[in-house]
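Values below: every heavy atom of this structure, side chains too, minus hydrogens, waters and symmetry copies.
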Amino acid sequence: MPPLPLLRLPQLVLCEVLKLLSIGEKISQNLDAQQFYIAGCNVPVIFSRIRMTTFWKNRQEGFLSVIRHLLKIFRCKFLIDNDYNSDSYSCFKTISDLLNLQVEFKTLTIYLKGSQDEHLWWNQISNKLGLVEDLSILSVADPEISNTFGLVEDLGILTSDLGFNPDFTSWPQELIYIPSSAWFTLEHFLACTSTTLRLFQSHLENKDLDVILTSWKAGKLPNLNSLWLDSLGITDTGATILGMNLLELNGTVIQTDDGSKKAIINSGIRIVMHVTPSE
């Protein structure tokens with residue numbers, strides 16, 4: 001039986017059929033042999049089940065052209081990872097260009113190596129992070145070692161020294177994940193509007209956690225739904241947290257002052273907090 005000429009279906013029928021297809025299946029329906037027609041050009045394409053490779057003389061121009069083309073076809077968010085092995089300038093410029101186009105990101109993973117150019121670039125994009133759903137910020141201790149092994153997180157060679165302290169003038173919608181978060185201060189935390197925070201290798205202390213939980217109880221962190229906080233600065237011998245030591249805090253249920261939300265605090269290996277509406 002010959003293949004169904006999908007794109008020739010009536011528009012109303014086609015819309016319902018496309019809802020059932022994956023992104024890859026939708027893209028395959030737009031392929032004409034081994035070429036795409038993008039930005040007024042016939043672009044050579046290699047297409048497989050899990051990826052599509054296009055060929056351009058100018059990689060930066062090609063990437064942006066493909067993104068614009070896909071945005072015309074689908075209403076979707078993108079996942080971008082500026083691989084620490086890649087050319088930093090090219091990757092950062094691409095991310096900046098996409099954010100300037102108001103492209104929404106499902107996930108944005110950024111590898112920072114502490115250069116002055118990265119500092120300047122961060123200042124340019126920090127007011128557009130509201131377009132990002134999930135943001136991960138990784139700082140690489142030694143780019144040469146990282147490039148050799150290619151497994152930054154598994155080798156434990158992340159560093160908390162970014163060479164600058166990032167300022168946020170906007171925040172990702174859902175998740176912010178920072179595996180080396182010594183630079184993420186109490187002021188960052190109190191200003192954050194993301195719903196989920198995953199902070200590891202933090203330098204926050206008992207007194208900081210006390211301020212965070214007291215602020216949450218007062219309704220000053222209304223978006224916070226989930227917290228994972230790993231910090232050697234939070235100890236059982238430090239200052240009390242909500243009038244309790246760390247052992248007493250474990251398993252405690254706290255409630256907002258207006259009674260609208262409650263949260264359970266686990267303080268074992270790390271601080272874990274999950275927020276739910278009060279019954």
Side-chain angles (χ1 to χ4, degrees), residues 106-110 126 129-130 132-139 152-154 156 158-162 165-279:
K106 170 64 178 175
T107 302
L108 176 59
T109 301
I110 300 172
S126 66
L129 295 178
V132 178
E133 190 167 316
D134 298 339
L135 174 66
S136 298
I137 303 175
L138 293 86
S139 46
V152 176
E153 290 181 89
D154 291 345
L158 295 177
T159 178
S160 59
D161 183 11
L162 294 180
N165 193 5
D167 290 324
F168 289 80
T169 53
S170 63
W171 295 88
Q173 301 163 23
E174 300 292 337
L175 168 69
I176 181 164
Y177 165 64
I178 310 174
S180 295
S181 64
W183 56 268
F184 196 89
T185 65
L186 176 62
E187 287 70 26
H188 282 120
F189 199 113
L190 296 178
C192 181
T193 59
S194 303
T195 62
T196 302
L197 278 78
R198 301 283 187 269
L199 305 176
F200 296 86
Q201 298 183 27
S202 170
H203 283 188
L204 294 177
E205 301 177 357
N206 290 40
K207 61 182 181 179
D208 300 314
L209 182 58
D210 182 67
V211 172
I212 290 168
L213 296 182
T214 300
S215 298
W216 179 85
K217 284 171 58 66
K220 296 180 180 179
L221 294 168
N223 295 335
L224 182 62
N225 290 331
S226 179
L227 168 66
W228 283 51
L229 174 61
D230 179 51
S231 175
L232 293 177
I234 298 176
T235 67
D236 196 45
T237 58
T240 59
I241 304 164
L242 299 181
M244 296 173 278
N245 62 37
L246 198 59
L247 184 61
E248 294 169 334
L249 184 66
N250 190 35
T252 297
V253 176
I254 61 175
Q255 192 172 36
T256 53
D257 294 342
D258 65 5
S260 63
K261 298 178 183 178
K262 64 180 180 180
I264 184 168
I265 310 294
N266 294 312
S267 57
I269 298 176
R270 60 182 58 92
I271 301 298
V272 179
M273 175 181 176
H274 294 296
V275 178
T276 58
S278 295
E279 297 178 356

Is it the case that the side chain of [X] and the backbone of [Y] share a donor-acceptor pair, with hydrogens and angles ignored and the cut-off at 3.5 Å?
| X | Y | answer |
| --- | --- | --- |
| S231 | S202 | yes |
| N206 | T240 | no |
| S194 | P172 | yes |
| W171 | I176 | no |
| D236 | L246 | yes |
| D208 | L186 | no |
| T195 | N225 | no |

To the nearest 0.5 angstrom, please state how far the [atom1] atom of [X] sits from the [atom2] atom of [Y].
| X | Y | atom1 | atom2 | result |
| --- | --- | --- | --- | --- |
| D167 | T169 | CG | OG1 | 8.0 Å |
| M273 | N266 | CE | CG | 11.5 Å |
| T256 | K262 | OG1 | NZ | 11.5 Å |
| L209 | S267 | CG | OG | 9.0 Å |
| H188 | L204 | NE2 | CG | 11.0 Å |
| I271 | I241 | CD1 | CD1 | 6.0 Å |

Notebook entry, point to check: W183 vs F168 aromatic rings, parallel, tilted or perpendicular, using cut-offs 30° and 60°?
Noted result: parallel

Notebook entry, point to check: Would T196 and D134 satisfy side chain to side chain contact (heavy atoms under 4.5 Å, CB included), going step by step from the backbone distance to the final call?
Noted result: CA-CA 9 Å; T196 302; D134 298 339; over 6 Å; no

Atom of [X], atom of [Y] and distance for their closest heavy-atom approach:
| X | Y | value |
| --- | --- | --- |
| K261 | Q255 | O-CG, 3.1 Å |
| N250 | G268 | OD1-N, 4.0 Å |
| E248 | M244 | OE1-CA, 3.4 Å |
| L221 | F189 | CD2-O, 3.8 Å |
| I254 | L242 | CG2-CD1, 3.9 Å |
| G130 | S170 | N-OG, 3.6 Å |

Next item on the list: Run the numbers on S181 and R198 for side chain to side chain donor-acceptor pair (under 3.5 Å), then give the verdict.
Entry: CA-CA 9 Å; S181 64; R198 301 283 187 269; over 6 Å; no

Next item on the list: Find out whether Y177 and W228 are in side-chain contact, i.e. whether some heavy atom of one side chain is under 4.5 Å from a heavy atom of the other.
Entry: no

Margin query: Contact between F184 and L197 at the side-chain level, heavy atoms closer than 4.5 Å - yes or no?
Written below: yes

